[in-house]
Amino acid sequence: MRTLLVIAKHEFKSAGKERLSIALLVVFLGMVLVSSFIGWTTHHTVMSIYNETLHETGMKLLNPFLKASPLDSIKNTVIYIVLIGALLAVITGARSSVRDRKAFVVDLVFSRPVSSWSYVFGKLLGVQAWIGLVLLVAAITSWVSIWVVTAQVLSPLNTLLLLAFFALAWFFLLPFSAAGLISGAYGRYESTALLIPILFWVVVTFVIPQLGTAAHPTALLNPVASGNTTTGMFFQVSRFVLQPISLTEHFKHTSGILLRLQDVEPLPVWQDLLSIGVISLLSLGALARVSRQAIRQGLYE
Amino acid sequence: MSTTTISVNKLTKTYNGQMAIEDISLNIQQGEIFGFLGHNGVGKTTTVNILTTLLDLSSGSAEVCGHDVVKDSMSVRRMIGYLPENVQFYDALTLHENLAFFARLSGISKPGDRIREVLQFLEFTGFEHQKLATFSKGMRQRVGIAQAILHKPEVLFLDEPTSGLDPQGVKTLRESIIRLNKELGMTIFMNTHLLSEVTKTCTSIGILSGGRLIYHDSLAKTLEAFPGRDSLEDIYLSIGKQF
C-alpha cells in the first residue's frame with residue numbers, strides 16, 4: 001500500500017508536467033468556460049425574445065428560463081467531459097505507462113519491493129488524482145460562472161448536485177484512464193500505445209451509442225442522452241445488446257438528472273450507475289492482469 | 001568465517017525454446033567483488049535479471065542473502081541494489097526528486113538526509129537541484145550508483161557499469177565501487193567484458209561462454225594458476241579456447 005501511494009504521488013506530479021496533458025487540460029477548462037458563455041448567450045437570447053414578444057403582443061407568456069435550473073447553463077460541460085475529458089484520460093493514462101518504458105526506469109522500479117499490482121494501481125490512482133484536480137477546478141469554474149451568468153449564488157442543494165455531477169464524471173473517466181494505462185503497458189510502439197486507447201474512446205463515445213440509439217452522429221453531441229429514435233428491428237436488437245455498455249449515454253442521462261436538465265427521460269439512474277460501476281470494475285480487472293514482463297518491454301521508437 | 005551471499009544452483013533460462021543460460025552453479029561469498037565475464041550476448045544480463053528478480057527462471061534455483069529469488073522475491077529486493085546497463089531516469093525531474101522517488105520506493109519515508117549522505121559519500125554534491133536531462137553519461141552512472149545504495153543494500157548488482165564512460169568516468173566509478181566494498185562491506189556482482197577493470201576491481205571472477213559458466217575462482221588463484229600469462233586477457237582467451 002505504501003509503494004502504491006509513492007507511485008501515485010509521483011504519477012500525479014509527472015502528469016502535471018506532461019505537455020500533452022497540460023494542453024488538453026487548458027482546452028478542457030477553456031471549454032468549461034465556453035459552456036458557461038454558451039449558457040449565458042442562450043439565456044440572453046431567450047430573455048430578449050421573451051421581452052420582445054411581451055412588448056409586441058402585450059401577452060403574458062411564461063418565461064421558459066423560469067422553469068430551467070441554474071445548472072442548465074453549464075449543460076454543455078456534459079459533452080465536453082465525454083469528448084475532451086475522456087480523451088484527456090486515455091492520453092494521460094497511456095503517457096503514464098509509456099513515460100516509464102521510454103525512460104527505461106521500469107527495471108529500477110521493479111528491482112525495489114514493488115509489485116506489478118502496486119505499480120499499475122499506483123499509476124491509476126495518480127492519473128485519477130490529477131483528473132480529480134482538473135475536475136475540481138472545472139467545478140469551481142462552473143460554480144463561479146453560473147453565479148456570474150445567472151446573477152445568483154447557487155443554493156446548497158444545487159452546489160451539491162454540481163459536485164455530484166463532477167464526482168460522477170470522475171468515475172466515468174476511470175475506465176478511460178485504465179484503458180490508456182493498459183495500452184501504454186502493452187503497446188510495442190509509442191504511437192500505437194496512444195492510438196489504441198483513442199480508438200477505444202471513439203468506439204465508446206460514438207460507435208456504441210449510435211448503434212444503440214440509431215441517433216444521427218450530431219445528436220450524439222447533444223448533452224441530453226439520445227434515447228431510442230427508431231423502431232427498426234436491427235436497432236431494437238442492437239439497442240438491447242449495446243445499451244448496457246453504452247457508457248457515455250448512461251453518463252449523459254445521469255448527468256441530465258443531476259443538472260436538472262429539461263427533456264431528460266425520467267428513467268431511474270440505478271441502471272446508469274450499475275453500468276458505469278460494472279465497466280469500471282471490468283477495467284480495473286483488466287488493469288490488474290497487466291504483468292511485470294509486459295511493462296518491462298522496450299518501446300521500438 | 002565468510003558466508004555465502006549469492007547461491008546459484010543449476011540455473012537455466014530459455015526464451016521461446018532458445019537456451020539463454022544453462023546449468024549455472026556458483027557461490028559468491030559476503031564481501032566479494034565478483035566479476036562476471038563474457039562476450040556480449042552470452043547471458044550475463046539474463047543472469048543478473050534473474051538474481052534481481054526482474055526475470056523468471058526456467059529451472060534451477062537461486063538465493064540472494066538466503067532468500068529464494070522466486071519464492072521470496074520481495075525480501076531479495078529489499079537486500080539488493082541494482083544498476084542496469086545504460087541506466088536512465090526521469091529527465092524532467094531533478095537529481096533530488098529522482099533519488100527521493102527511489103528512496104521512498106525502498107521504504108525511506110523522509111529521504112532528504114540519506115540522499116545528502118549518499119551524495120557526499122560518492123563525492124557528487126552540488127547537482128541536487130539540476131534536472132537529469134542536463135547530466136552527462138558519467139554523471140548518470142553516478143546517479144545510478146546513488147539510487148542503488150540509498151537503502152543500504154547488502155548486495156549490489158552492476159551491469160556493465162563502465163560501458164560508454166570516458167577514462168576519467170571509469171576511474172571515478174571504479175573508486176566508488178571499491179569504496180562501497182571496503183568501507184560499507186557490500187558484496188558486488190559486476191557484469192563486464194572489460195578485463196582491465198576486472199583486474200583493478202574484482203576479487204573473484206566467473207567466465208560465461210555460450211550460456212554456460214566455464215570458469216569460477218578467485219582472481220588471485222586465477223593469476224597463480226596460469227603462470228607465464230602476462231595478463232587476465234591472455235588467461236581469458238586461454239580458458240575460452242578450452243571450451
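Throughout, protein chains are lettered first and strands after them, A, B, ... in sequence-line order, and every chain is numbered starting at 1.
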Checklist entry - Do the non-hydrogen side-chain atoms of A:Phe110 and B:Thr53 ever get within less than 4.5 Å of each other? => result no
Checklist entry - Would the number of heavy atoms belonging to other residues, nucleotides or ligands and lying under 6.0 Å from NZ of B:Lys10 be above 12? => result no
Checklist entry - Most heavy-atom pairs under 4.5 angstrom with chain B, which of A:Val6, A:Thr3, A:Leu108? => result A:Leu108
Checklist entry - With under 30° as parallel and over 60° as perpendicular, where do the rings of A:His10 and B:Phe101 fit, or are they tilted in between? => result parallel
Item to check | Working for side-chain contact (heavy atoms from CB on, under 4.5 Å), residues B:Tyr90 and A:Val105 | outcome: CA-CA 8 Å; B:Tyr90 297 103; A:Val105 293; 3.4 Å; yes
Checklist entry - Should we count CD of B:Gln18 as having more than 12 external heavy atoms under 6.0 Å? => result no
Item to check | Smallest separation among heavy atoms of B:Leu54 and A:Gln293, with atom names | outcome: O-NE2, 3.0 Å
Item to check | Contacting region of B:Asn98 [heavy-atom separation from chain A under 4.5 Å] | outcome: neither
Next on the checklist: Let's test your reading of the structure: which of B:Arg104, B:Gln147, B:Arg77 forms the most heavy-atom pairs below 4.5 Å with chain A?
Outcome noted: B:Arg77
Checklist entry - Quick one: what part of B:Val87 sits under 4.5 Å from any heavy atom of chain A, side chain, backbone, both or neither? => result side chain
Item to check | Side chains of B:Gln88 and A:Lys102 in contact at under 4.5 Å (non-hydrogen atoms) | outcome: no
Checklist entry - Do you know the tightest heavy-atom contact between A:Arg112 and B:Leu150? => result NH2-CD1, 4.5 Å
Item to check | Whether over 12 other heavy atoms sit under 6.0 Å from B:Phe135 CZ | outcome: yes
Checklist entry - For atom CZ of B:Arg179, is the number of surrounding heavy atoms from other residues, nucleotides or ligands below 6.0 Å larger than 12? => result yes
Checklist entry - Any idea which heavy atoms bring A:Pro113 and B:Arg78 closest together, and the distance? => result CG-CG, 3.8 Å
Checklist entry - Got a second to check how far A:Ser111's OG is from B:Leu105's CG, nearest 0.5 Å? => result 9.0 Å
Checklist entry - Stepwise, does the side-chain contact (heavy atoms from CB on, under 4.5 Å) test hold for B:Ser109 with A:Arg2? => result CA-CA 10 Å; B:Ser109 55; A:Arg2 183 186 49 76; over 6 Å; no
Checklist entry - Which pair of heavy atoms, one from A:Arg296 and one from B:Leu55, lies closest together, and at what distance? => result NH1-CD1, 3.8 Å
Item to check | Selection from B:Phe102, B:Phe89, B:Phe157 maximising heavy-atom pairs under 4.5 Å formed with chain A | outcome: B:Phe102
Checklist entry - How far apart are the C-alpha atoms of B:Tyr82 and A:Asp107, what are their side-chain angles, what is the distance that settles it, and do they pass the side-chain contact (heavy atoms from CB on, under 4.5 Å) test? => result CA-CA 9 Å; B:Tyr82 174 50; A:Asp107 281 359; 4.1 Å; yes
Checklist entry - Non-hydrogen atoms of chain B under 4.5 Å away: do they reach the side chain of A:Ser118, the backbone, both or neither? => result neither
